[in-house]
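What follows is a set of notes on a single structure, which appears directly below.
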There are 2 protein chains.
Amino acid sequence: MTEQLGLRERKKQRTRQTIFEAALRLFLSRGFDDVSIVEIAEAAEVSKRTLFTYFPTKEDLVLQQFADHEDESARVVRARPAGTSPLAALHAHELDALARRDPVTGLTSDPDAVAFARLLSTTASLSERLLRYAGRSIDALAGALEEAGADELTARLAAVQIVTVLRVLADRNSARMQAGHPADEVYPEAVAAADRAFLLLGAGLADALPG
Amino acid sequence: MTEQLGLRERKKQRTRQTIFEAALRLFLSRGFDDVSIVEIAEAAEVSKRTLFTYFPTKEDLVLQQFADHEDESARVVRARPAGTSPLAALHAHELDALARRDPVTGLTSDPDAVAFARLLSTTASLSERLLRYAGRSIDALAGALEEAGADELTARLAAVQIVTVLRVLADRNSARMQAGHPADEVYPEAVAAADRAFLLLGAGLADALPG
DNA sequence: GAGAAATTTGCACCTGGTATAGTTATCTAC
DNA sequence: GTAGATAACTATACCAGGTGCAAATTTCTC
């Protein structure tokens, strides 16, 4: 378990962490667009050139951590208990995440997480770039659904629906948090919304949008 | 019907068109990233500053025309015949668009349209920015669905699902076109995929993704 | 400790985009 | 048609994100 890393590797990790923390601190206090790359580099005591070897774009300073979560839905589907449908597994996982106040649900009163979410939603270039990660998340989920027996078209359509619906739920929760409502207060609505969303995903829109 | 425009206004329209055509021609022949703004400005015989008064960003040189289509789904829902469900109206509209080889479906063999689609799908910054227009399309459709009687959450969830599914269909058709298949050959599959997609939207994923 | 390999740096450079201030063209009213 | 008024355009200088390159520094290996 204990990774034996050389000094070189440890220094790299420390440098990356230092840059990231400096960037986040500056972004949160003054906004993404009002902080320049050189400023971050100075705060982290590295050269501009070095900063860019760790983070290829300014947006990645904020978003690269999302790469860790990009296959979460796919993993949930793959790890589901026998006899459970992919949708049921994802539904259960979302309810569990809400109960845990997992930041990915948007439902958390943790000030840092709320501030971070605000940074994302108020910065156009960040919310746009975030969609790139959503795309990879869709690809991963589609792959898992194919493994579960769906044909390619169905898997892709289902994956894109599921991922975008989860995003809508998270956005709504996050908006409530940013409006100052405590997570515990919003929790029941968040659960109801998730239930509604998975009902629509599973049973379709026909009944919900009658003629 | 005949708009009486002054010389000033006519010149502006001509200038905008000239810039747009120069940009598109250069982009198509050499790729979005390998053509600079100054090059386009020179080709259109305007100053760089003037170019930016017409198109606020380089991406808008390609994408601004999508603004016209951003409320298409919403209009279809609002204009649906009495007794028709929103989903049925959108389904019928998509089938009609496929039959007409409307470029928005991705199903067209028109070389210019195919080249344009390739430009979009091969340029990261363009496909990302395109999602901004998708966002507005979702907002518009959600509004129309609320008018049709859906509650706010349902309308939003349905809208996001519908718009993203239509995008998936268009992307797939466009990919087939770029691979060189003629539209008439792909048409039956495209119809089948659209039918499948609207079936899933209407009846849900439960049956399609069993445990 | 020497040399190889990786990391960091400084510097020059490119591109997209903006600010400003001045020039040119069109419009309106007489 | 001419005189402003007004809108559009241009040149220039500038900023920020990002890259290429060669030199300098640091870590690794033996």
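Letters A, B, ... mirror the listed sequences (proteins, then strands); counts begin at 1. Computed from a predicted structure; not experimentally measured.
Every salt bridge (charged side-chain N to carboxylate O under 4.0 Å, His left out) that A:D184 has, sequence neighbours left out, goes to A:R101. Applying the side chain to side chain contact (heavy atoms under 4.5 Å, CB included) criterion to A:K12, with sequence neighbours excluded, gives A:E9, A:Y54. Every residue two or more places apart in sequence or in another chain that forms a side chain to side chain contact (heavy atoms under 4.5 Å, CB included) with B:A142 is listed here: B:R156, B:A159. Among residues two or more places apart in sequence or in another chain, the side chain to side chain contact (heavy atoms under 4.5 Å, CB included) test is passed with B:S47 by B:R49, B:T50. Considering only residues two or more places apart in sequence or on other chains, A:E146 meets the salt bridge (charged side-chain N to carboxylate O under 4.0 Å, His left out) condition with none of them. A search for side chain to side chain contact (heavy atoms under 4.5 Å, CB included) contacts involving B:H181 returns B:R176, B:A179, B:E185, B:V186, not counting sequence neighbours. For A:R16, the salt bridge (charged side-chain N to carboxylate O under 4.0 Å, His left out) test picks out no residue, with sequence neighbours left out. Residues passing the side-chain hydrogen bond (donor to acceptor under 3.5 Å, both in side chains) test with B:D151, sequence neighbours excluded: B:T154.
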Quick one: side chains of residues 107-119 of chain B, donor-acceptor pairs under 3.5 Å with protein atoms, not counting sequence neighbours, listed by atom name and distance.
unit_1: B:T108; atom_1: OG1; unit_2: B:D110; atom_2: N; d: 3.1
unit_1: B:S109; atom_1: OG; unit_2: B:A183; atom_2: N; d: 2.7
unit_1: B:D110; atom_1: OD2; unit_2: B:A113; atom_2: N; d: 3.1

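A sub-4.0 Å separation between OP1 or OP2 of D:dA8 and a side-chain N or O of B:Y54 is absent. The shortest distance between the side-chain N/O atoms of A:T50 and the OP1/OP2 oxygens of C:dT8 is not below 4.0 Å.
The interatomic distance linking A:E9 (CD) with D:dC28 (P) rounds to 9 Å, in whole Å. For B:Q13 and C:dT26, the CD to P distance is 15 Å, given to the nearest whole Å. Between the CZ atom of A:R10 and the C1' atom of D:dT26 there is a distance of 14 Å, rounded to whole Å. Taking atom CD1 of residue A:I19 and atom C1' of nucleotide C:dT7, one finds them 12 Å apart after rounding to whole Å. D:dT26 atom C1' lies 7 Å from atom NZ of A:K11, rounded to whole Å.
For the atom pair CZ (B:F198) and CG (A:L157), the distance works out to 10.5 Å, reported to the nearest 0.5 Å.
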Restricting both atoms to N or O, compile the protein contacts to nucleotides 1-6 of chain C shorter than 3.5 Å, with distance only.
unit_1: C:dA6; atom_1: O4'; unit_2: A:R8; atom_2: NH1; d: 3.2

List the protein contact pattern of nucleotides 13-19 of chain D with one symbol per nucleotide (5' to 3'): B for base contact, S for sugar-phosphate-only contact, - for none; contact means a heavy-atom distance under 4.0 Å. ----SBB
Starting from the C-alpha separation in whole Å, work towards a yes-or-no answer on side-chain hydrogen bond (donor to acceptor under 3.5 Å, both in side chains) for A:H69 and A:E72. CA-CA 5 Å; A:H69 292 279; A:E72 185 168 324; 3.1 Å; yes
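For the helix from C:dG1-D:dC30 to C:dC30-D:dG1, the terminal axes (five pairs an end, C1' atoms, rotation from four pairs onto the next four) enclose an angle of 20°, given to 10 degrees.
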